Engineer: 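Here it is, the structure in full.
These numbers come from a predicted model, not from an experiment. For the single chain, residues carry numbers from 1 onward in sequence order. Side chains are part of it too, since the values below use all heavy atoms of this structure and drop only hydrogens, waters and symmetry mates.
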Amino acid sequence: MSPIQRHTTRRFAIAAATAALALPGLALAADKEIRIAHVYSKTGPLEAYGKQTQTGFMMGLDYATGGTMTVAGKKLVVIEKDDQGKPDVGKSLLAAAYGDDKADIAVGPSSSGVALAMLPVAEEYKKILLVEPAVADSITGEKWNKYIFRTGRNSSQDAIGNAVASDIAGLNIGILAQDYAFGRDAVKAYKEALKKAKIVHEEYLPTATTDFTAGIQRLVDALKDKPGPKVIAVVWAGATPPFGALAALDLQKRYGIGVGSGGNILPAMAAYKQFPGMEGATYYYFGIPKNPVNEWLVANHYKQFKAPPDFFTAGGMSAAIALVEALKKTGGDTATNKLIKTMEGMSFETPKGKMTFRAEDHQAMQSMYHFKIKVDPAFPWGVPELVREIKPEEMNVPIRNKR
């Protein structure tokens, strides 16, 4: 062997030995972390929802870990990714999170359309995706796989809650909904939940609609001559809700047509002031649940942001608490099958009280709140006053995943 060959061989041997020494160090560092990818709408039509979820998620991790941001001696590392509300972007970001970023678990997204695109990625990588706050029934229904859990409410829970609030004999309902998974699944579930009232027209409009004139007119034409009480039920998410357009037409005075809807984020509920007495069901309003977790959230959110926590803040916090509780039970072990076994049937305390992951489809069973809107000059939004809490055991939420 020549001197050059001996030198080269020795250099490679040293490099290999150095790499061998470094690898255990890297593995040790990785063992001391739990990597969580949060894929949500930092930008796009559901940006407000995404921001609230992210705030709630980080506050929830802080709360559930007692401010340490560690579980079983392992540091929680959150990797944020912006899906922009686009299914293809969300799908590729989740793959990158599991593959490149070595995320142990993922949370999100804001949009049901994005969530449906992401479900197969969780199955491909065999890693948990905790869905929050996307709502469509199909996420834990026909498109579900065993790696999917959801703390967010689903369309059936929304629908059953709203049916409790609006299912009156002789009531004629016209539906105004967005034409995508969220709107379609919500209306399907609502129709199944109604027993007494009658749906006379369904109007589906594009998600970015800003001119509601033609759609509302079709609803008015279908309802105005019906005997008995009449209402337009609104199923709408995002920054351009139709409440202003509905209020401007003064439908109650002209045709005896009321307006109904579920809960929403506080800025959207500013329009609810125009509909005093409106009833519906909501997932969360900061003034309704009375429990220690919600008290902590409200107090700390006011302290940090000088404002109350909103609709999706509570959801983000619930997702964080669920993950931390599961990881505590596994002793920080992120092995997927162990987490699945731990989380199936697991109960945990949230700002809404107790939630339980149903073993059959991993949907979180949770309360909904029947409300009536009150106008209070102290608040810039219509205040949803509690009529009654609709507890999980009262809601026969269908299992739709054909597991």
Side-chain angles (χ1 to χ4, degrees), residues 49 52-53 55-67 132-133 135 150-154 157-158 160-165 261-269 272-273 276-325 346-358 363-395 397:
Y49 297 5
Q52 290 178 20
T53 307
T55 296
F57 187 69
M58 297 309 293
M59 291 183 76
L61 292 179
D62 180 53
Y63 172 84
T65 64
E132 175 65 52
V135 179
R150 173 159 53 189
T151 45
R153 89 283 187 199
N154 67 13
Q157 288 164 317
D158 264 353
I160 292 166
N162 280 288
V164 166
S261 189
N264 212 317
I265 61 174
L266 298 176
M269 287 173 62
Y272 287 18
K273 291 188 88 165
M278 181 177 85
E279 293 188 53
T282 189
Y283 166 78
Y284 176 79
Y285 177 71
F286 73 94
I288 291 178
K290 308 298 181 189
N291 63 68
V293 185
N294 194 49
E295 287 170 12
W296 185 95
L297 173 59
V298 173
N300 283 274
H301 199 280
Y302 265 112
K303 187 177 177 181
Q304 287 186 47
F305 303 104
K306 312 296 185 242
D310 210 339
F311 199 76
F312 295 103
T313 322
M317 186 174 187
S318 300
I321 291 170
L323 284 186
V324 171
E325 287 304 305
M346 184 183 83
S347 294
F348 47 100
E349 294 298 327
T350 80
K352 296 179 63 181
K354 187 169 79 170
M355 289 189 190
T356 302
F357 284 127
R358 184 163 63 180
Q363 173 63 47
M365 298 291 101
Q366 57 195 282
S367 290
M368 299 291 284
Y369 307 101
H370 178 186
F371 68 82
K372 180 179 278 192
I373 290 297
K374 176 187 175 183
V375 176
D376 184 336
F379 295 96
W381 53 80
V383 176
E385 287 202 313
L386 181 66
V387 175
R388 76 179 188 92
E389 180 179 350
I390 308 163
K391 294 184 178 288
E393 51 269 26
E394 293 180 63
M395 292 186 280
V397 179

Engineer: Indicate the atoms forming the closest heavy-atom contact of Pro276 with Lys273, along with that distance.
Structural biologist: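 Reported closest heavy-atom pair: CD-O, 3.6 Å.
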Engineer: Please name the residue in the list Asp158, Val164, Ile160 that meets the side chain to side chain contact (heavy atoms under 4.5 Å, CB included) test with Met368.
Structural biologist: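 It is Asp158; the other options fail the test.
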Engineer: Between Gly315 and Thr151, which heavy-atom pair has the shortest distance, and what is it?
Structural biologist: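 For Gly315 and Thr151, the tightest heavy-atom pair comes out as O-OG1, 4.3 Å.
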Engineer: Output the distance between atom CD1 (Ile321) and atom CZ (Phe57), rounded to the nearest 0.5 Å.
Structural biologist: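 Ile321 CD1 to Phe57 CZ: 11.0 Å, rounded to 0.5 Å.
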Engineer: Rounded to the nearest 0.5 Å, what's the gap from OG1 on Thr282 to NZ on Lys352? Could you check?
Structural biologist: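 Going from the OG1 atom of Thr282 to the NZ atom of Lys352 covers 8.0 Å.
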Engineer: Could you give the distance from CD (Gln363) to CZ (Arg150), rounded to the nearest 0.5 Å?
Structural biologist: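 Interatomic distance, Gln363 CD to Arg150 CZ, rounded to 0.5 Å: 4.5 Å.
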Engineer: Which heavy atom of His301 sits nearest to which heavy atom of Pro309, and what is that distance?
Structural biologist: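 Shortest heavy-atom contact: ND1-N, 3.5 Å.
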Engineer: Is any side-chain heavy atom of Ile373 closer than 4.5 Å to a side-chain heavy atom of Pro384?
Structural biologist: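 With C-beta onward as the side chain, the pair touches.
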Engineer: Can we call the ring centroids of Phe357 and Phe348 under 6.0 Å apart?
Structural biologist: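 Yes; Phe348 has its ring centre under 6.0 Å from that of Phe357.
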Engineer: Hey, what do you get for OH (Tyr302) to CZ (Phe286), rounding to the nearest 0.5 Å?
Structural biologist: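 So the OH of Tyr302 and the CZ of Phe286 are separated by 4.0 Å.
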Engineer: Within a strict 4.5 Å, meaning less than it, do heavy atoms of the Trp381 and Asn264 side chains meet?
Structural biologist: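 Sidechains of Asn264 and Trp381: no contact.
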Engineer: Nearest heavy-atom pair of Ala165 and Glu279: which atoms, and what distance?
Structural biologist: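 Looking at all heavy atoms of both residues, the closest pair is O-OE1, 4.2 Å.
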Engineer: Of all the heavy-atom pairs spanning Gln157 and Gly152, show the shortest one and how long it is.
Structural biologist: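 Residues Gln157 and Gly152, closest heavy atoms: OE1-O, 4.4 Å.
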Engineer: If we ignore hydrogens and angles and just use 3.5 Å, is the side chain of Asp310 paired with the main-chain N or O of Leu266 as donor and acceptor?
Structural biologist: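 Answer holds: yes.
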Engineer: In the structure I gave you, are the side-chain heavy atoms of Met317 and Tyr284 within less than 4.5 Å of one another anywhere?
Structural biologist: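 They are not in side-chain contact.
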Engineer: Considering all heavy atoms of both residues, which atom of Gly280 and which atom of Asn162 are nearest to each other, and what is their separation?
Structural biologist: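 Closest approach of Gly280 to Asn162: CA-OD1, 3.6 Å.
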Engineer: How far does CG of Asn291 sit from CD of Glu295, to the nearest 0.5 angstrom?
Structural biologist: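 The CD atom of Glu295 is 7.0 Å from CG of Asn291, to the nearest 0.5 Å.
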Engineer: Measure the OH-OG distance between Tyr283 and Ser318 for me, rounded to the nearest 0.5 Å.
Structural biologist: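 Answer rounded to 0.5 Å: 4.5 Å.
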Engineer: Does Phe312 reach the side chain of Thr55, with side-chain heavy atoms less than 4.5 Å apart?
Structural biologist: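 They are not in contact (no side-chain heavy atoms under 4.5 Å apart), so the answer is no.
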Engineer: Between Tyr272 and Phe371, what is the ring plane arrangement, given parallel below 30°, perpendicular above 60°, and tilted in between?
Structural biologist: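 Parallel, since the angle between the ring planes stays under 30°.
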